[in-house]
Amino acid sequence: MRGQARKESLSDSRDLDGSYDQLTDSVEDEFELSTVCHRPEGLEQLQEQTKFTRKELQVLYRGFKNECPSGIVNEENFKQIYSQFFPQGDSSTYATFLFNAFDTNHDGSVSFEDFVAGLSVILRGTIDDRLNWAFNLYDLNKDGFITKEEMLDIMKSIYDMMGKYTYPALREEAPREHVESFFQKMDRNKDGVVTIEEFIESCQKDENIMRSMQLFDNVI
Amino acid sequence: MAAGVATWLPFARAAAVGWLPLAQQPLPAAPQGCEARSDEVLVVNVSGRRFQTWKNTLDRYPDTLLGSSEKEFFFDPDSGEYFFDRDPDLFRHVLNFYRTGRLHCPRQECIQAFDEELAFYGIVPELIGDCCLEEYRDRKKENAERLAEDEEAELGGPGGAGADWALPPGSPFRQRLWRAFENPHTSTMALVFYYVTGFFIAVSVIANVVETIPCAAGGRAGWREEPCGDRFPLAFFCMDTACVLIFTGEYLLRLFAAPSRGRFLRSVMSLIDAVAILPYYIGLFVPKNDDLSGAFVTLRVFRVFRIFKFSRHSQGLRILGYTLKSCASELGFLLFSLTMAIIIFATVMFYAEKGTSKTNFTSIPAAFWYTIVTMTTLGYGDMVPSTIAGKIFGSICSLSGVLVIALPVPVIVSNFSRIYHQNQRADKRRAQQKVRLARIRMAKSGTTTAFLQYKRNRGLEDQDGAERPALSTRSSSAFEQQHHHLLHCLEKTTSHEFTDESTFSEALGVISLGGQTSRSTSVSSQAVIGTSTRASSLISSCCPRQNKQRRAIRLANSTASVSRGSMQELDTLAGHHSPGPQSSRASLNAKTHDTLTLNCDSQDLVAAIISIPTPPANTPDESRPRSPASDRGEGPGRPSSGSSSSSRGALRNSSLGPSYLLHNAVKISSL
């Protein structure tokens with residue numbers, strides 16, 4: 001496999017352009033699990049599609065490839081990875097939501113392109129892009145509306161990550177109350193759902209949110 | 001945290017955007033000064049072999065040497081690389097750990113070396129991946145066992161049969177007796193006892209055998225031949241009694257000497273001993289009547305167990321015993337499968353032969369005998385099948401018997417071989433130990449003489465002022481010079497000087513004479529020779545206990561500290577010397593105190609001497625303290641030789657620390 005002889009620097013992107021057949025997609029697990037390998041598109045293409053620099057992409061890919069040599073992350077792995085950051089609580093539900101948010105083509109796996117695309121939006125996108133992404137995260141069935149039930153699920157999953165030992169102690173109604181206040185703020189026309197426009201508009205009016213958006217600019 | 005976690009952290013942080021709109025409180029500011037993910041290639045130079053890796057790779061494990069700022073200590077700015085003076089082959093595995101997150105254990109490397117490397121780089125061995133973990137654990141356990149065996153052999157633990165060094169002379173009789181029993185070659189008496197018991201075991205067994213041989217009957221019973229036992233009952237009874245007396249005596253002595261009587265009583269050998277002698281006593285005390293005569297006969301069978309007493313004498317028997325014990329499960333399997341096969345075939349044969357008249361196969365249990373004989377390919381021929389079916393099944397039976405018995409045998413054989421080699425290793429280790437100790441002794445004596453030589457030179461220098469004796473310019477390495485300088489500093493610090501053994505004992509004489517506390521300038525060999533050792537004035541009147549102790553400590557200081565081998569000794573000595581003799585930190589010191597009981601009445605002076613064997617003329621191996629008589633007999637005319645001969649009684653310095661203090665009773669006779 002030519003990939004094995006490849007140096008880390010990925011300087012020769014000709015190895016990676018689309019002329020090579022991408023090996024089997026991850027869906028065809030029934031053949032062999034271990035030889036599934038997904039190679040991303042070339043470096044230049046990724047550079048065009050995302051707002052990362054070449055160097056940043058290289059760093060990202062090296063880390064990604066190290067963790068997932070097969071080139072893709074499936075939901076189980078994702079949950080496992082994410083749970084390592086929140087040892088006290090149960091982050092599996094939220095991880096699922098996140099996974100769905102990253103898995104834009106809904107094929108059950110997150111490849112490097114998905115990964116980088118999502119990160120690009122979050123870290124290098126405009127405020128609106130980020131808000132869009134967040135909305136997409138909340139909108140579980142991707143129908144363009146956030147209902148109270150969806151928001152409740154999200155809220156519960158976030159509170160689950162806190163675990164049992166919190167101060168003040170977590171009450172049963174806390175997620176619901178939080179959802180109520182959220183809808184109070186976001187739902188302009190009080191129709192019980194939040195649309196993308198309402199969401200973006202309300203967020204832009206909120207200073208806290210605006211200010212915190214800058215927090216994530218230099219994560220990479 | 002696992003390896004990949006560091007990689008994914010930025011992603012997790014980025015994903016926190018999802019919480020933003022939901023946050024009810026303002027989120028905290030991001031930590032400043034987080035170094036940007038600088039991705040540079042680091043060069044790690046390990047003993048000349050250059051490894052290059054990304055900085056991020058090393059940063060994955062921040063609590064190890066390479067992942068933390070500790071590696072900056074090893075940074076060489078001239079070459080811009082991190083230099084480690086360690087094994088490059090093993091470093092490969094360490095670096096792979098960073099790269100893949102799994103630590104593998106190299107199969108061809110010494111596990112100890114690998115452990116040390118891991119410890120150096122701050123990696124916990126528990127991180128070894130599953131693929132290599134089992135093997136790592138096995139090898140580590142083997143090593144640990146080997147070391148434990150070593151130690152046990154050194155210290156001669158209870159029941160440990162390895163120690164050959166001499167017990168301190170003052171040790172209790174009981175301990176000596178036990179040692180004599182366990183290690184017959186330590187003393188002549190023990191050896192004699194060993195052979196005597198062996199002889200009597202043989203005699204007893206032979207007597208048991210011979211008394212059943214039919215002797216010519218003589219006139220008594222006519223044609224019937226009777227066994228020798230009945231013909232010469234008195235002779236055999238006497239022999240039996242003698243043997244049992246010896247065995248009983250041995251058993252009681254062992255019981256008395258055993259350090260742990262409970263353990264002794266439970267041990268296999270003592271059980272065998274007990275079983276060997278009990279039948280006799282039972283037979284003695286139980287009246288001989290016909291009811292019990294059957295039981296009595298059975299008891300006599302147990303006398304044959306005396307032959308197992310030979311296992312104390314024979315290594316091979318013990319090995320066999322261990323082997324059988326360790327292969328218990330295989331033997332059990334063998335037995336079980338054989339039983340199954342026997343039952344099956346016996347049943348089949350019985351029914352196959354049932355129709356035949358006058359057949360031997362009268363019942364299934366009767367067929368057991370046939371099956372066993374056939375499966376073990378004995379084939380006595382007392383029972384043979386006559387029907388065709390019987391013959392067919394009989395042949396199947398014999399074939400399968402061969403197979404079933406052959407299966408567990410290799411396991412037993414390999415076990416035996418392993419245990420046998422272990423034993424051989426133990427013997428080899430003992431021999432090596434002796435050689436090693438001898439070498440260490442020689443090295444130590446070399447060091448002492450070197451140091452004393454150095455002092456002499458310096459002493460001469462001081463005396464002669466400008467003139468430099470030729471000796472001082474003799475080449476001694478920088479290390480030696482610095483070492484000697486260090487010892488010199490110590491001397492100045494403590495206002496005491498190092499000396500050697502002979503001068504010490506002579507100096508004792510000096511003190512005894514004048515009662516002075518002056519330290520003898522026994523640096524040079526102009527020790528006090530020819531001074532009479534008048535103990536009478538010495539001890540009673542004016543030698544305060546202080547002096548003796550100090551002197552003894554000083555000697556202990558001198559001799560022990562010049563052992564280059566163990567700087568710990570130096571530390572402990574230096575440590576306990578400063579507060580004076582009263583402090584008792586090391587056991588060294590404690591022993592010194594214990595033994596320096598000045599007993600004015602008995603005019604004995606017992607000094608603790610850790611000595612180095614002096615000139616090779618003295619046999620360092622002589623471990624017995626000289627009998628006081630010889631010292632006393634020296635007389636005033638030859639005090640030097642007297643004291644030096646008494647000093648000759650002192651003893652080996654074992655390499656293993658102050659616990660090997662040996663005492664020498666120096667009796668300075670009053671004249």
Is there a donor-acceptor contact under 3.5 Å linking the side chains of [X] and [Y]?
| X | Y | answer |
| --- | --- | --- |
| B/Asp115 | B/Tyr136 | yes |
| A/Thr126 | A/Asp128 | no |
| B/Trp54 | B/Tyr98 | no |

Exercise for the section: Name the member of A/Met186, A/His178, A/Arg130 that forms the most heavy-atom pairs with chain B at distances under 4.5 Å. Expected result: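 Ranked by contacts with chain B, first place is A/His178.
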Handout entry: Greatest number of heavy atom pairs closer than 4.5 Å to chain B - which of A/Phe182, A/Trp133, A/Tyr82, A/Phe115
Key =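 Of A/Phe182, A/Trp133, A/Tyr82, A/Phe115, A/Phe115 has the most heavy-atom pairs under 4.5 Å with chain B.
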[X] versus chain B, heavy atoms under 4.5 Å apart: side chain, backbone, both or neither?
| X | value |
| --- | --- |
| A/Val73 | side chain |
| A/Phe135 | neither |
| A/Met210 | neither |
| A/Ser202 | neither |
| A/Phe97 | neither |

Handout entry: Aromatic contact, B/Phe91 with B/Tyr121 (centres under 6.0 Å)
Key =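 Distance test on ring centres: under 6.0 Å, yes.
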Handout entry: A/Asn136 side chain reached by A/Lys142 side chain, heavy atoms, under 4.5 Å
Key = yes
Handout entry: Mutual orientation of the aromatic rings belonging to A/Phe112 and A/Phe64 [parallel < 30°, tilted 30-60°, perpendicular > 60°]
Key = tilted
